Amino acid sequence: MTSTFDPRTDAAPQPGRIARTLQSWFMRPARVAAVETLSPHFRLITLEGAALKDVAWTIGQKLQVAMGTGMTARTYTPIFWDAAAGRTQLLAYLHDLGTGQDAAPGSRWAAGLTVGAQYRVFGPRRSLDLSDPGSGWPVVVFGDETAFALAASLGAGRGEDAAAHLFEMSDVAEARLVLARMGLGDARVIGRQAGDTHLAVAEAELARLAARRVRFALTGKASSIQRMSRALKAIGVPAARIRAKAYWAPGKTGLD
């Protein structure tokens with residue numbers, strides 16, 4: 001008989017003395033100011049604290065949140081960073097709650113969040129460099145559920161550019177619901193298919209967008225990024241217009 005993880009009763013293990021000492025040295029304390037359930041698998045999380053004030057942040061950077069025992073942490077892309085108020089916002093995807101203590105650490109953390117809870121964060125620091133002092137062209141994001149926050153950080157309501165973002169998803173209906181609630185309702189969502197046959201549609205869409213004055217941020221699953229990058233370069237898109245960052249790959253950790 002298996003037991004389902006219940007965030008109300010199954011508390012995450014607490015870090016030991018050494019881990020707490022290291023966290024105090026290198027990480028910033030932050031408080032959960034708000035948690036909003038956007039859908040069964042997405043949580044919008046607001047963190048705040050004095051240690052988050054006067055912090056330099058740029059779009060595309062990452063923030064790591066300590067959770068569980070040891071130095072276990074998960075990486076998120078801040079949607080915004082209010083340095084004056086000491087506040088930032090993250091989007092968490094609960095990809096695998098599993099059973100009991102076997103649940104994925106990031107999913108356990110997001111599912112069990114309560115307002116007022118205290119955590120420590122590391123960053124923000126460099127992850128995906130979208131700086132472009134030359135063209136200033138808008139950015140088209142290709143990715144999946146892990147790329148929603150990046151797209152949101154670029155800003156909604158950008159006219160024709162708002163429709164440019166492209167996501168591959170297993171649950172298209174849930175993705176559209178969450179994207180609409182984040183002000184990205186015009187983004188295109190492509191349902192995943194066996195053998196990644198859906199990526200042919202993604203290639204065609206990116207090729208169409210490449211004719212416009214845009215840059216590309218390829219994020220999410222490593223193999224999908226590689227395929228999209230090859231497709232763009234094959235039609236003559238210069239490398240300077242492409243930025244890529246793998247957030248995950250099947251069976252691997254640490255791609256952040």
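As the structure is a computational prediction, the values presented were derived from the model and not from experiment.
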Note to self: Glu203: which residues meet the side chain to side chain donor-acceptor pair (under 3.5 Å) condition with it, sequence neighbours left out?
What the structure shows: Arg227

Next item on the list: Report yes if some heavy atom in the side chain of Leu154 is under 4.5 Å from a heavy atom in the side chain of Val141; otherwise report no.
Entry: yes

Margin query: Strictly by salt bridge (Lys or Arg N to Asp or Glu O under 4.0 Å), give each pair with a member in residues 34-46 just once, sequence neighbours left out.
Written below: Glu36-Arg181

Next item on the list: Taking side chain to side chain contact (heavy atoms under 4.5 Å, CB included) as the test, write out the residues that go with Arg176, two or more places apart.
Entry: Val172, Val189

Check: What's the spacing between Asp186 CG and Leu179 CG if we round to 0.5 Å?
Finding: 10.0 Å

Note to self: If you compare all heavy atoms of Ala217 against all heavy atoms of Val139, which two are closest, and at what distance to 0.1 Å?
What the structure shows: CB-CG1, 3.7 Å

Note to self: If you compare all heavy atoms of Leu184 against all heavy atoms of Ala152, which two are closest, and at what distance to 0.1 Å?
What the structure shows: CD1-N, 3.7 Å

Next item on the list: Using salt bridge (Lys or Arg N to Asp or Glu O under 4.0 Å) as the criterion, list what pairs up with Arg215, not counting sequence neighbours.
Entry: Asp132

Notebook entry, point to check: With a 4.5 Å limit on heavy-atom distance, are the side chains of Val32 and Thr114 in contact?
Noted result: no

Item checked: Gap separating the OG atom of Ser127 from the CD atom of Gln64, nearest 0.5 angstrom -> 9.0 Å

Check: Just by distance, do the side chain of His165 and the backbone of Val140 share a donor-acceptor pair under 3.5 Å?
Finding: no

Margin query: Let me check something: do Trp109 and Val35 share a hydrophobic cluster, defined by ILVMFWY side-chain heavy atoms less than 4.5 Å apart, either directly or through other members?
Written below: yes

Next item on the list: Check side chain to side chain donor-acceptor pair (under 3.5 Å) between Thr197 and all other residues, then give those that pass, not counting sequence neighbours.
Entry: Gln193

Hey, can you pull the donor-acceptor pairs under 3.5 Å for the side chains in residues 45-60, sequence neighbours left out?
unit_1	atom_1	unit_2	atom_2	d
Thr46	OG1	Gln89	NE2	3.2
Glu48	OE1	Arg87	NH2	2.5
Glu48	OE2	Arg31	NH1	2.6

Check: Can you tell me how far CG of Leu94 sits from NE2 of His41, rounded to the nearest 0.5 angstrom?
Finding: 7.0 Å

Notebook entry, point to check: Do Val214 and Arg241 pass the side chain to side chain contact (heavy atoms under 4.5 Å, CB included) test, and can you show the C-alpha distance, the side-chain angles, and the key distance before you say yes or no?
Noted result: CA-CA 8 Å; Val214 298; Arg241 288 175 58 189; 4.1 Å; yes

Margin query: Using side-chain heavy atoms (C-beta onward) and a distance below 4.5 Å, is Arg28 in contact with Arg120?
Written below: no

Next item on the list: Taking side chain to side chain contact (heavy atoms under 4.5 Å, CB included) as the test, write out the residues that go with Thr77, two or more places apart.
Entry: Ala149, Leu150, Tyr247

Check: Does Met67 reach the side chain of Arg74, with side-chain heavy atoms less than 4.5 Å apart?
Finding: yes

Note to self: Among residues at least two apart in sequence or on other chains, which ones pass side chain to side chain donor-acceptor pair (under 3.5 Å) with Ser39?
What the structure shows: Glu174

Check: Closest approach of Ser131 and Arg243, non-hydrogen atoms and distance?
Finding: O-NH2, 4.1 Å

Item checked: In one Ile/Leu/Val/Met/Phe/Trp/Tyr side-chain cluster, 4.5 Å: Leu128, Trp137 -> no

Check: Distance from Phe216 atom CZ to Leu130 atom CG, nearest 0.5 Å?
Finding: 13.5 Å

Margin query: Any non-hydrogen side-chain atom of Pro124 less than 4.5 Å from a side-chain atom of Trp81?
Written below: yes

Next item on the list: Can you sort out the partners of Asp82 under salt bridge (Lys or Arg N to Asp or Glu O under 4.0 Å), two or more places apart, ordered by chain and number?
Entry: none

Next item on the list: Please name all residues satisfying side chain to side chain contact (heavy atoms under 4.5 Å, CB included) with Pro250, sequence neighbours left out, ordered by chain then number.
Entry: Lys221, Trp248

Next item on the list: Identify the heavy atoms of Ser153 and Pro78 that sit nearest to each other, and give their distance.
Entry: CB-O, 3.8 Å

Note to self: Would you say that Ile242 contacts Lys233 through its side chain, given a criterion of any heavy-atom pair below 4.5 Å between the two side chains?
What the structure shows: yes

Next item on the list: Not counting sequence neighbours, which residues clear ring pair (Phe, Tyr, Trp, His ring centres under 6.0 Å) with Phe167? List them please.
Entry: Phe148

Checklist line | Inter-residue atom distance Thr146.OG1 - Lys245.NZ, 0.5 Å rounding | finding: 12.0 Å

Check: Out of curiosity, Ile79 CD1 to Leu63 CG, how far, rounded to the nearest 0.5 Å?
Finding: 12.0 Å

Check: Shortest non-hydrogen contact from Phe142 to Ala202?
Finding: CE1-CB, 4.0 Å

Next item on the list: Scan residues 141-152 for pairs that pass salt bridge (Lys or Arg N to Asp or Glu O under 4.0 Å), counting only residues two or more places apart or in two chains.
Entry: Asp144-Arg192, Glu145-Arg192

Margin query: Hydrophobic clustering (ILVMFWY, side-chain heavy atoms < 4.5 Å, transitive) - are Val201 and Leu199 grouped together?
Written below: yes

